Amino acid sequence: LAIEVKWGRQLDPSVLRAARWLQGQLGTRLILSVVLYGGDEVIALQPQLVAVPYDVFFCGGHMAGILGPGGKATKALLEERAKDREREEG
């Protein structure tokens, strides 16, 4: 899990550049990248890159059941990554 923190309310292209670089370095070991920012919306930027407002991340917000530790999206990503690793190893 990678977490990047941005101060502003808007996201700039550097977020995608940094995420692509990190994905290239870690490959399938990178399960999910989260960008915390001062905005109001949860935004799926790429399949494994999501921008999450501070209040949602720290207080649960309206997305807690999806992105939280036991959330549906988190479980699905973890299962997908486990299958990818098994294919690569086996």
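Since this is a predicted model, take the numbers as computed values, not measurements. The figures here come from the full heavy-atom set of this structure, side chains too, leaving out hydrogens, waters and symmetry mates.
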Rest of the hydrophobic cluster containing W7 (Ile/Leu/Val/Met/Phe/Trp/Tyr, side-chain heavy atoms under 4.5 Å)?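 Members other than W7 - counting any ILVMFWY side chain reachable under 4.5 Å - there are none.
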
V52 and F57: which non-hydrogen atoms are nearest, and at how many Å?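 Smallest heavy-atom distance, with atoms named: CG1-N, 3.8 Å.
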
Can you tell if the side chain of P53 reaches within under 4.5 Å of the side chain of V42, non-hydrogen atoms only?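 P53 reaches V42 side chain to side chain.
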
Any link between L1 and V35 through a network of hydrophobic side chains (Ile, Leu, Val, Met, Phe, Trp, Tyr) touching at under 4.5 Å?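 No, no single cluster joins them.
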
Using the rule that Ile, Leu, Val, Met, Phe, Trp and Tyr join whenever any side-chain heavy atoms are under 4.5 Å apart, tell me whether I3 and Y37 fall into a single cluster.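 Looking at the clustering, Y37 is in a separate group from I3.
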
Mind checking side chain to side chain donor-acceptor pair (under 3.5 Å) for E4 and listing every partner two or more places apart, or none if nothing turns up?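 Here the qualifying residues are K6.
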
First locate atom CD of Q48, then atom CG of L22, and finally report the distance between them rounded to the nearest 0.5 Å.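 Here the interatomic distance stands at 11.0 Å.
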
Heavy-atom neighbours of Q10 CD exceed 12 at 6.0 Å: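 Counting neighbours around CD of Q10, 12 or fewer heavy atoms of other residues, nucleotides or ligands fall under 6.0 Å, so no.
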
Who are the side chain to side chain contact (heavy atoms under 4.5 Å, CB included) partners of L45, not counting sequence neighbours?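 Expected list: L11, V15, L16, I43, L49, A51.
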
Scan for salt bridge (charged side-chain N to carboxylate O under 4.0 Å, His left out) pairs involving residues 7-27, sequence neighbours excluded, and state none if there are none.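 For residues 7-27: R9-D40.
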
